[in-house]
Amino acid sequence: RSDAAAAALADSCTTALQAQGAPCTVVRSEKQGLGIFASRHIRAGEVVAVEKPTVLTPCWAAAASVCATCLRRAPDDQDWPLRCNRCGVICWCSSECRVVLALVHDGMECEALSTWHAAGHPAIKYADLVLQAIRMLSMKALGIQVHPFPASPQQCGFDSYRDRLCAIARDRRTAKPIEETARAALEAMPVAGRIAPAVLIDALGRHQCNVYGVTGPAAAEVALASFTGLFQLFNHSCLPNILFDSMPTRRFLRSDGETAASSSSKSDGWPFFQLVAFTDIPAGAELLHSYARSADGPELRRSTLRDHYGFECDCPRCECDPLREADIAAQLEERRCPYDDCGSGLGVPVAPKEAAGPGDLRCVHCNSTWEPEY
Ligand SMILES: [Zn+2]
Ligand SMILES: [Zn+2]
Ligand SMILES: [Zn+2]
Ligand SMILES: [Zn+2]
């Protein structure tokens, strides 16, 4: 991105971090570009930053059992009984959640999903991304903006993709999914909601490397959440010191570093998400999370990063020898959720502020807690 755009983005993200009392700050360097660094010592389990996704949509396979607004899962793997009777795709946990989504769903999005569903298109490989694209188009048509930060007036909408997100170099590996997604979404949209394919393809190209997978027990994909505020500035390491917490939250950081329930004036019913410290992080260290699955081996991680994010990973873990890699993998496994019906998420300390020593861990995929064995 251009120097002026990077400086403006760094400024707005610094403001957003300060407003929520986050223990980190934006640093801009000639060589590395933008990154987020600890402004004080951070303890494992502390919330590092919170943000509301600009676009939050359920994954196709989970749409019947996950509330499209708050992502609450129906008990015992049942389907939610409250389902949109027009498109038949979107479900809610409550009439409150239905009302929140009505603003963006009840017009073009519902019509587009009906068309797409009726035509049997959900079978395409990129169905989850198509749901995101249809939501993006509906938000653009309606001029809907999201307030991504709890204590800041900043807004993000469709245009934020162009203004705030840098594009990865698209090559043949990433071009096809994006073009197919754009075509499917535009075909389904009512005419009034269509835009030039090139504009949508550009937005999706920026979007796809800034979308976080919300993951449930046993690594099941629950929803896609794209962030155009500051979550995009956290850089990658295969040996992360922060984790994306798949549990939506309505609590956010206060300026004193504690979390507080959002007051009604600041909450429009949409959930926030948080990044949580996985390890203790010394002041001045960069906060890094893993764009690839930390349980994957080096080859798989590197090809994921190459194909979806357009870079060759040269993090310390990727550069180390096989013995050290096995060691790192074993250490990560010690923090893996021990429950049979999950087993996929890593654990973060439940109570970071309490006296030193290991406390209970909480799984970032299923929210269960356990006492680690040391
Ligand atoms: Zn709900
Ligand atoms: Zn509908
Ligand atoms: Zn790596
Ligand atoms: Zn779990």
Side-chain angles (χ1 to χ4, degrees), residues 52-60 63-64 66-70 82-92 95 97-148 154-165 167 170 175-208 210-211 223-229 268-270:
K52 186 190 298 173
T54 305
V55 179
L56 176 67
T57 51
C59 287
W60 186 262
V66 165
C67 174
T69 307
C70 74
L82 190 57
R83 183 189 289 251
C84 179
N85 57 17
R86 192 161 151 223
C87 65
V89 175
I90 294 296
C91 294
W92 298 279
S95 50
C97 278
R98 201 219 168 298
V99 168
V100 168
L101 199 70
L103 181 68
V104 60
H105 177 72
D106 280 7
M108 289 184 201
E109 175 177 288
C110 188
E111 207 177 308
L113 291 182
S114 308
T115 307
W116 192 53
H117 195 194
H121 292 316
I124 83 161
K125 240 161 103 188
Y126 318 114
D128 297 340
L129 260 189
V130 175
L131 291 188
Q132 285 264 302
I134 288 174
R135 174 67 57 81
M136 286 161 74
L137 291 168
S138 305
M139 288 175 70
K140 178 171 170 55
L142 295 164
I144 290 178
Q145 299 275 324
V146 169
H147 289 88
Q154 291 184 42
Q155 293 190 326
C156 290
F158 182 89
D159 293 333
S160 305
Y161 284 100
R162 195 184 56 236
D163 298 343
R164 298 179 67 97
L165 306 183
R170 281 192 299 123
K176 193 162 167 280
I178 289 173
E179 282 164 21
E180 278 190 38
T181 300
R183 192 178 333 114
L186 288 170
E187 271 173 16
M189 279 303 277
V191 175
R194 291 184 192 164
I195 61 173
V199 175
L200 183 59
I201 287 170
D202 177 61
L204 287 171
R206 295 164 192 269
H207 166 277
Q208 77 134 27
N210 293 287
V211 63
L224 294 183
S226 65
F227 295 89
T228 52
D268 50 15
W270 291 98

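Residues take their numbers from the sequence shown, with the count starting at 1. Atoms considered below: every heavy atom in the structure, side chains included; atoms not considered: hydrogens, waters and symmetry mates.
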Inter- and intrachain pairs under salt bridge (Lys or Arg N to Asp or Glu O under 4.0 Å), touching [range], at least two apart:
range            : answer
residues 188-200 : none
residues 111-122 : Arg86-Glu111
residues 100-110 : Arg98-Asp106, Glu109-Arg135

For [X] against [Y], the heavy-atom pair lying closest together:
X      : Y     : answer
Cys110 : Cys87 : O-CB, 3.5 Å
Trp270 : Lys52 : CB-CD, 3.8 Å
Ala68  : Ile90 : CB-CG2, 3.6 Å

State the NE2-OG1 distance between His105 and Thr57, to the nearest 0.5 angstrom.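 Interatomic distance, His105 NE2 to Thr57 OG1, rounded to 0.5 Å: 12.5 Å.
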
Which value, rounded to the nearest 0.5 Å, describes the distance between Gln132 atom CD and His207 atom NE2?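 The distance works out to 4.0 Å.
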
Looking only at atom types and distance, does a side-chain atom of Asp128 sit under 3.5 Å from a main-chain N or O of Trp60, one as donor and one as acceptor?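 Present.
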
When you measure from the side chain of Arg83 to the backbone N and O of Cys91, does any donor-acceptor pair fall under 3.5 Å?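 Looks like no, no N/O pair under 3.5 Å.
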
With side chain to side chain contact (heavy atoms under 4.5 Å, CB included) as the criterion, how do Tyr126 and Ile178 come out once you've worked through the C-alpha distance, each side chain's angles and the decisive distance to 0.1 Å? CA-CA 9 Å; Tyr126 318 114; Ile178 289 173; over 6 Å; no

Under 4.5 Å between any side-chain heavy atoms of [X] and [Y], yes or no?
X      : Y      : answer
Phe158 : Met139 : no
Val130 : Trp116 : yes
Leu131 : Leu224 : no
Ser138 : Met189 : yes

Test of understanding: with side chain to side chain contact (heavy atoms under 4.5 Å, CB included), list the residues that count as partners of [X], not counting sequence neighbours.
X      : value
Gln154 : Ser12, Thr15, Ala16, Phe149, Ser152, Arg164
Pro148 : Glu51, Cys156
Leu142 : Ile144
Ala133 : Thr181, Ala185, Leu204

Can you tell me which residue pairs pass the ring pair (Phe, Tyr, Trp, His ring centres under 6.0 Å) test with a partner in residues 177-206, sequence neighbours excluded?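 Of all non-adjacent pairs touching residues 177-206, none passes ring pair (Phe, Tyr, Trp, His ring centres under 6.0 Å).
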
Please list, chain by chain and in numerical order, all residues satisfying salt bridge (Lys or Arg N to Asp or Glu O under 4.0 Å) with Glu180, sequence neighbours excluded.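 With neighbours one apart ignored, the set is Lys176.
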
List for me each residue that meets side chain to side chain donor-acceptor pair (under 3.5 Å) alongside [X], sequence neighbours excluded, and say none if there are none.
X      : result
Ser226 : Tyr161
Gln155 : His147
Thr228 : Thr54

Could you go through Leu137 and Leu186, starting from their C-alpha distance and side-chain angles, then the distance that decides it, and tell me whether this counts as side chain to side chain contact (heavy atoms under 4.5 Å, CB included)? CA-CA 8 Å; Leu137 291 168; Leu186 288 170; 3.9 Å; yes

Could you give me the CA-CA distance, side-chain angles and deciding distance for Ser160 and Leu165, then say whether side chain to side chain contact (heavy atoms under 4.5 Å, CB included) is met? CA-CA 7 Å; Ser160 305; Leu165 306 183; over 6 Å; no

